[in-house]
Amino acid sequence: MMASCQKEIVRLMHNYLDGELISGEQRKLKVHLQKCENCRQHFFELKKTIALVQSMSQVRAPEGFTEKVLFSLPKEARMSSIQRWIRKHPFFMAASLFIVLTTGGFLSSWQQETDHFAFTKHENLHVENDTVVVPAGERVKGDIVVRNGDIRIEGEVEGDVTVINGEKYMASAGNVTGDIEEIDEAFGWLWYKLKKTVAGVFD
Amino acid sequence: MMELIIQRRIKQVLKGDQNAFGEIVEIYKDKVYQICFRMLWDRHEAEDAAQEAFIKAFVNIHTYDPEKKFATWLYRIATNLCIDRIRKKKPDYHLDAEISGTEGLNMYSQIASAEELPEEAVENSELQEIIQSAIFKLPEKYRSVIILKYLEELQLQEIADILELPLGTVKTRVHRGREALRKYLRNM
Ligand SMILES: [Zn+2]
């Protein structure tokens, strides 16, 4: 090995491995490797090292990883995001204070209710996994609320449809006589509860 | 396409939807766990660190800039957490220093090899174990770039973004990391 060339040639080797040699340098490296046994060996070892590292098997996250993460999410984060939102919407501060004072415990009811798939029972509703189906040709009389699931409307609904944390799919023949509403997560749920409560007060 | 799905999920998370965050975890859990496992070489500690990374991402999701790639931001959180853990374990003296008479070994590798081998290593083939231990011998600044480049297969620029380092620094670290690994693995 020529001690004077060594450092420069090793630099070229690494740039080559990173795909960053310009053609003049590539030629310089090639010519040197042809005549220098030591550098050839060095270059071979580098390539072998990379191949060895890349031969490592991919590891996978353990079972139940996602559930554990979701379970550990801080509850304060939920609550403080609600507080942040209320601060931006002063009307709700008064309104929600009113509700806390009158109905009490609505947040805890929201928390209990958020986790599970649930829906308003009607005898002609079908369920496929977490999707509630209004079958074609059927007519559901009354409001439907679906929580943490989807609804597919192929038949008719005589009333309001509310989907909380889910989506609605309407077939072309599907029909809803009342309001259709999709509500996302906590804020929407809060708003929904608020409206129901306020409506209840003024009814 | 993938990035589009992620951006939509992030918007849902910002609105408070924890289920949407679950989908993000599903997409990235293996990658994040792999970074942690290769950095820490301990199954339990890796799971801990990966969990912590996702929780931290959730809590700080409002600081994520949607103009940038989500994976870059997430991997940064994970790598930083691992580096913190490694540093906390280290005593004050210089572990990268070679100890006289133990060519190719440094103090850190001696400490590491004195520890009980994790279960994973026992199950793996001998060769995998040798390669992993070579990676583990690297000081963390070289270990992180080697893992991101060769196990996560990321571009140098992306690695620079993750580690918030100049591209030139990342290149130098990759070069040095490769040289160190070559010394550990040349006789394989
Ligand atoms: Zn030479």
Side-chain angles (χ1 to χ4, degrees), chain A residues 10-15 17-20 41-82 84-85 110 114-115 130 148 164-166 183-190, chain B residues 12-26 28-34 36-38 43 46-47 50-55 58-59 61-62 120 124-125 127-128 130-132 134-135 146-147 149-151 153 156 171-172 174-176 178-179 181-188:
Chain A
V10 171
R11 189 183 69 79
L12 290 182
M13 287 180 200
H14 283 285
N15 286 346
L17 294 171
D18 290 334
E20 294 191 329
Q41 178 63 20
H42 190 134
F43 192 50
F44 170 76
E45 286 171 8
L46 278 174
K47 289 218 238 175
K48 190 175 79 173
T49 299
I50 293 168
L52 284 171
V53 171
Q54 285 177 324
S55 77
M56 302 262 281
S57 49
Q58 300 277 316
V59 294
R60 305 191 58 166
E63 287 292 305
F65 183 90
T66 304
E67 290 73 15
K68 266 197 214 169
V69 171
L70 292 181
F71 189 74
S72 324
L73 293 183
K75 290 232 161 48
E76 315 86 72
R78 292 207 274 201
M79 297 311 278
S80 69
S81 59
I82 292 169
R84 234 189 350 261
W85 181 80
W110 160 63
T114 44
D115 295 338
D130 283 354
N148 296 313
I164 300 152
N165 287 337
I183 297 173
D184 255 7
E185 52 303 311
F187 309 144
W189 185 225
L190 194 70
Chain B
Q12 292 171 315
V13 174
L14 279 166
K15 285 192 222 153
D17 183 351
Q18 297 204 355
N19 289 337
F21 191 70
E23 287 180 48
I24 294 175
V25 178
E26 274 297 306
Y28 291 106
K29 63 179 183 179
D30 290 336
K31 300 259 180 205
V32 168
Y33 178 75
Q34 161 138 298
C36 297
F37 181 73
R38 298 300 179 195
R43 208 189 259 180
E47 185 175 2
Q51 293 264 337
E52 196 182 339
F54 280 111
I55 293 163
F58 176 83
V59 173
I61 195 84
H62 57 280
E120 193 92 355
N124 273 343
S125 74
L127 179 63
Q128 295 249 331
I130 290 165
I131 302 165
Q132 172 65 55
I135 293 174
I146 291 291
I147 290 168
K149 177 157 174 66
Y150 288 112
L151 294 166
E153 297 177 322
L156 292 175
K171 283 183 191 171
T172 307
V174 169
H175 294 191
R176 294 195 179 145
R178 268 195 305 241
E179 280 302 327
L181 281 177
R182 180 183 73 92
K183 284 175 188 133
Y184 301 139
L185 297 171
R186 72 207 294 178
N187 296 320
M188 291 306 308

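Just so it is clear: chains get the letters A, B, ... in the order the sequence lines come, proteins before strands, and each one is counted from 1. Every value quoted in this text rests on a predicted model; they were computed, and no experiment measured them.
The NZ atom of A/Lys47 sits 12.0 Å away from atom CZ of B/Arg178, with the distance rounded to the nearest 0.5 Å. Atom CD of A/Gln58 and atom CD of B/Gln34 lie 4.5 Å apart (nearest 0.5 Å). Here CZ of A/Arg11 is found 9.0 Å from NE2 of B/His175. Values are rounded to the nearest 0.5 Å. Expressed to the nearest 0.5 Å, how far CD of B/Glu52 lies from OG of A/Ser72 amounts to 10.5 Å. For the atom pair CD (A/Glu45) and CG (B/Leu185), the distance works out to 10.0 Å, reported to the nearest 0.5 Å.
B/Ile147 does not touch chain A: none of its heavy atoms, backbone or side chain, sits under 4.5 Å away. Proximity to chain A involves both the backbone and the side chain of B/Gln132, based on heavy atoms less than 4.5 angstrom apart. Only the side chain of B/Ile135 comes within contact range of chain A, with at least one heavy atom under 4.5 Å from a heavy atom of that chain. With a 4.5 Å cut-off on non-hydrogen atoms, B/Lys31 does not touch chain A at all. When heavy atoms are compared at a cutoff of 4.5 Å, B/Leu181 approaches chain A by way of both its backbone and its side chain.
Ring geometry for A/Phe65 against B/Phe54 counts as perpendicular: the plane angle is over 60°, on a 0 to 90° scale with 30° as the lower cut.
A salt bridge links A/Lys68 and B/Glu47; the closest N-O separation between the charged side-chain nitrogens and carboxylate oxygens is under 4.0 Å.
No hydrogens or angles considered: a donor-acceptor pair under 3.5 Å links the side chains of A/His42 and B/Arg182.
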Exercise. For side-chain contact (heavy atoms from CB on, under 4.5 Å), just list the numbers for A/Leu52 and B/Leu127, CA-CA rounded to whole Å, side-chain angles, deciding distance to a tenth of an Å, and then say yes or no.
Key: CA-CA 9 Å; A/Leu52 284 171; B/Leu127 179 63; 4.2 Å; yes

Quiz prompt | Stepwise side-chain contact (heavy atoms from CB on, under 4.5 Å) check, A/Val59 with B/Leu151 | solution = CA-CA 10 Å; A/Val59 294; B/Leu151 294 166; over 6 Å; no

Quiz prompt | Step-by-step side-chain contact (heavy atoms from CB on, under 4.5 Å) determination, B/Glu179 to A/Thr49 | solution = CA-CA 9 Å; B/Glu179 280 302 327; A/Thr49 299; over 6 Å; no

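Under a 3.5 Å cut-off, the side chain of B/Asp30 and the backbone N or O of A/Ala61 do form a donor-acceptor pair. A donor-acceptor contact shorter than 3.5 Å links the side chain of A/Lys48 to the backbone of B/Arg186.
Between A/Met56 and B/Arg38, the closest side-chain pair of non-hydrogen atoms falls below 4.5 Å. A/Asp18 is listed as a side-chain neighbour of B/Lys149, based on a closest heavy-atom distance under 4.5 Å. Looking only at side-chain heavy atoms (C-beta outward), B/Leu156 and A/Glu20 come within less than 4.5 Å of each other.
Counting heavy-atom pairs closer than 4.5 Å to chain B, the top-ranked of the candidates A/Val53, A/Thr66, A/Leu70 is A/Thr66.
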